[in-house]
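Here the structure comes first, spelled out in structure tokens, and everything after it is commentary.
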Amino acid sequence: MKSKKGIMAVTGTMLLLSSVLSGCGSSSTTSTDNSSTPAAAAGAASPAGSAQQPLSLTWMRYEHPSQAIVANSKAVQEIAKRKNVKLNLQSVPQSNYDDKKKTLIATNTLPDVMLVKQDDIQNFADTGTFLDLTPYLDKMPNLKKVISQQPEINKNKIDGKLYGFPLVANWQGVGGQLSMIRTDVLDKLGLKKPTTYDELYQVMKKMKEANPDSYPFTARAANGLTGTENLINPISFAFGSGYTTFNGTKVYYEPKEKKYKFGPLMPEFKEAITWLNKLYKEKLLDPDYATATSQIWQEKLNSGKSFYFQDNNGFASTFNINLQKKDPNAKFDMLDTMTTPSGTKRNLIYALGHLSESYVINAKVKNPEQVVQFMDWFYSQEGIEVTNFGIKGEDFTGENGDYKLTDAVVNKYKDRQPSAFYALQSEYGTGYLGLALNNDDHAGLPFNTKEWVEWNTKASKGLAAGENVQFVNDPPFTKEEREKLKQIRTQLDAYLAQNMDKFIVTDGALNDWDNFVKQLKAKGAEDIVKIYNDALARVK
């Protein structure tokens with residue numbers, strides 16, 4: 001986001017942004033050769049005073065704007081002590097990460113360990129760039145256990161082979177692309193909380209009238225998706241169709257029919273775009289939606305330039321803290337699931353963990369068995385604790401999922417701004433945006449606001465009721481299917497990128513919708529749906 005991963009996220013003082021939520025450094029293609037020091041194998045502790053050379057690994061991931069990557073964080077230090085492994089962290093700003101990652105893959109100059117999306121594995125597994133983990137599974141008991149508990153991971157396999165260590169979750173909150181609105185502005189204008197998208201439109205009109213310089217609804221690019229994709233995804237799903245997978249492929253999983261569909265071919269999708277077009281035309285939708293970064297988007301919601309978003313609800317906790325510094329009554333709150341004109345009532349939320357993201361190992365790495373055994377440690381109880389909480393007794397108490405930060409740690413970070421929890425995780429190197437492969441958000445509980453608890457409860461009830469629907473992972477494709485998907489997406493994605501904004505921002509453009517649909521079919525829209533559903537049928 002957890003999803004992209006499904007995920008959830010804790011923004012500011014919240015757990016929920018750690019779900020759906022990458023410094024540059026030089027890349028190394030091989031790790032230090034420690035074949036002459038078998039005692040240093042991953043899983044073996046270093047004897048006190050030992051002169052063993054540590055296993056040295058270059059480790060690359062994106063750096064989220066909310067959580068800086070600290071090269072010598074507490075987790076990095078503990079890993080060096082406990083595992084005799086030196087991690088050389090290479091962080092790249094999230095906004096530039098995809099470009100950097102693709103360049104390294106294309107030139108086969110990967111670091112030893114690198115965070116990628118499942119889409120990258122699908123596209124490049126056949127090149128031999130990534131280490132095939134399948135022959136080593138028997139040496140990774142912790143990962144095997146996780147796979148047995150979360151069989152959805154099997155969808156990540158390519159031709160039956162596993163190439164990545166997935167980002168799973170031991171425990172997390174529930175949240176996603178949910179409707180958040182400034183309730184204090186509603187109260188000031190004498191308006192009720194909207195329960196339908198028609199009512200939301202009317203509310204936004206009143207907000208605009210009272211605040212002419214505002215754009216009530218704002219959106220952003222995030223999680224590897226363009227601003228347009230990230231805007232359309234939750235709205236089109238709410239209206240009864242959908243737009244992309246978490247990876248950005250232009251199909252979506254329809255839970256009512258338990259199959260993939262191509263949203264723009266559906267009348268419900270046109271209804272969603274028509275609604276957005278109406279908002280844009282009346283200056284209710286931020287004209288910068290297609291290009292706004294997370295930072296720009298946050299600034300508008302933090303400053304009162306916008307009053308509504310349908311995105312990671314976790315951000316609202318930080319917005320409230322910042323807004324209430326100037327106005328104690330300012331408040332974002334979560335709306336109940338709104339109904340569309342056709343009667344649809346649903347939201348898109350993050351899946352458990354971030355299974356669409358995985359760490360791959362450079363196929364040229366030395367001592368691969370040693371490396372994969374070390375990576376398996378991250379899924380162990382000790383690995384979970386070190387990469388989510390710190391040192392037992394010093395930083396936290398409890399075990400086996402019943403974890404609690406010590407009062408000393410909570411008191412040290414509770415007043416840190418703008419986010420106590422992110423400040424802690426940054427310095428400790430913990431959590432989904434740190435070094436955790438098996439994320440546990442219990443560390444965030446002491447920093448949660450009362451409203452977060454309410455939002456999490458509401459989102460959980462919505463999930464149980466079927467109103468909140470989680471992102472699903474792509475099914476595994478054959479080599480032939482992967483090649484065909486590349487070909488189709490090359491032309492289809494380009495055509496959609498050229499035209500989708502036109503329908504939102506241009507008067508009269510929707511009159512050409514039928515021809516647009518005809519062109520989509522000609523460019524392979526129905527073929528891509530068949531590929532996805534054929535692949536899905538094989539894993540049912």
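All values reported here derive from a predicted model rather than from experimental measurement.
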Heavy-atom donor-acceptor pair, [X] side chain to [Y] backbone, under 3.5 Å:
| X | Y | result |
| --- | --- | --- |
| Q118 | N156 | yes |
| N313 | G176 | yes |
| T58 | D112 | yes |
| D184 | K331 | yes |
| N388 | I384 | yes |
| T397 | G393 | no |
| N230 | A221 | no |
| D376 | L143 | yes |
| Q172 | G353 | yes |
| N347 | P234 | no |

Are [X] and [Y] packed together at the side-chain level, in the sense that at least one heavy-atom pair is separated by less than 4.5 angstrom?
| X | Y | answer |
| --- | --- | --- |
| P216 | S214 | yes |
| K74 | V386 | no |
| P111 | N362 | no |
| L57 | V371 | yes |
| D336 | S179 | no |
| F130 | I361 | no |
| Q370 | L55 | yes |
| N154 | V539 | no |

Worked verdict on W297 versus F319 for ring-ring contact (aromatic ring centres under 6.0 Å, His included): CA-CA 11 Å; W297 175 78; F319 297 158; 5.8 Å; yes
Can you name the nearest heavy-atom pair linking [X] to [Y], along with the distance?
| X | Y | result |
| --- | --- | --- |
| L200 | P194 | N-CB, 3.6 Å |
| E427 | R416 | OE2-NH2, 2.5 Å |
| L301 | F309 | CD1-CD2, 3.8 Å |
| V372 | E369 | CG2-O, 3.3 Å |
| A330 | Q324 | O-NE2, 2.8 Å |
| I121 | S358 | CD1-CB, 4.2 Å |

Can [X] and [Y] be counted as having a side-chain donor-acceptor contact under 3.5 angstrom?
| X | Y | value |
| --- | --- | --- |
| N233 | T244 | yes |
| T245 | N247 | no |
| E451 | N320 | yes |
| S356 | D474 | no |
| N439 | D441 | yes |
| Y432 | E357 | yes |
| Q381 | E385 | yes |

Just do the side chain to side chain contact (heavy atoms under 4.5 Å, CB included) check on R61 and V113 with the steps written out, would you? CA-CA 9 Å; R61 67 153 296 138; V113 183; over 6 Å; no
Pair [X] and [Y], ring centroids less than 6.0 Å apart:
| X | Y | value |
| --- | --- | --- |
| F165 | W59 | no |
| Y289 | F217 | no |
| F421 | Y413 | no |

Which residues share a salt bridge (Lys or Arg N to Asp or Glu O under 4.0 Å) with K144, sequence neighbours left out: D138
Can you name the residues that form a salt bridge (Lys or Arg N to Asp or Glu O under 4.0 Å) with K392, not counting sequence neighbours? E399
Given side chain to side chain contact (heavy atoms under 4.5 Å, CB included), test W455 with M180 step by step and report yes or no. CA-CA 10 Å; W455 298 337; M180 307 298 293; 3.7 Å; yes
Determine whether N322 and N302 satisfy the following criterion, side chain to side chain donor-acceptor pair (under 3.5 Å), listing intermediate values before the conclusion. CA-CA 6 Å; N322 293 330; N302 271 320; 3.0 Å; yes
Given R220, which partner from the list T293, D286, D311 fulfils the side-chain hydrogen bond (donor to acceptor under 3.5 Å, both in side chains) test? D311
Using the six-membered ring wherever Trp is involved, compare the ring planes of F378 and F374 and label them parallel, tilted or perpendicular (cut-offs 30° and 60°). perpendicular
If I take atom [atom1] from residue [X] and atom [atom2] from residue [Y], how far apart are they, to the nearest 0.5 angstrom?
| X | Y | atom1 | atom2 | answer |
| --- | --- | --- | --- | --- |
| S306 | M207 | OG | CE | 10.5 Å |
| H64 | Q425 | NE2 | CD | 11.5 Å |
| Y379 | Q149 | OH | CD | 12.5 Å |

For the pair D288 and I296, evaluate side chain to side chain contact (heavy atoms under 4.5 Å, CB included) and give the outcome as yes or no after the intermediate values. CA-CA 9 Å; D288 296 331; I296 292 171; 5.6 Å; no
Dump the intermediate steps for salt bridge (charged side-chain N to carboxylate O under 4.0 Å, His left out) on D120 and K102, then the final yes or no. CA-CA 8 Å; D120 299 312; K102 289 175 181 176; 6.0 Å; no
Please determine whether a side-chain nitrogen of the Lys or Arg among E467 and K461 lies less than 4.0 Å from a carboxylate oxygen of the Asp or Glu. no
Pair K117 + D119, salt bridge at N-O below 4.0 Å: no
Starting from the C-alpha separation in whole Å, work towards a yes-or-no answer on salt bridge (charged side-chain N to carboxylate O under 4.0 Å, His left out) for D333 and R182. CA-CA 6 Å; D333 203 359; R182 282 281 299 274; over 6 Å; no
Does R346 make a cation-pi contact with F237, if we ask for NZ or CZ under 6.0 Å from the ring centre and within 45° of the axis? yes
ring-ring contact (aromatic ring centres under 6.0 Å, His included), that's the test. Do W171 and Y403 meet it? Break it down for me. CA-CA 11 Å; W171 185 87; Y403 298 111; over 10 Å; no
Positive for side chain to side chain contact (heavy atoms under 4.5 Å, CB included) with L355, one of N473, V472, L167: N473
Take V360 and L131 through the side chain to side chain contact (heavy atoms under 4.5 Å, CB included) test and state the conclusion after the steps. CA-CA 7 Å; V360 292; L131 180 69; over 6 Å; no
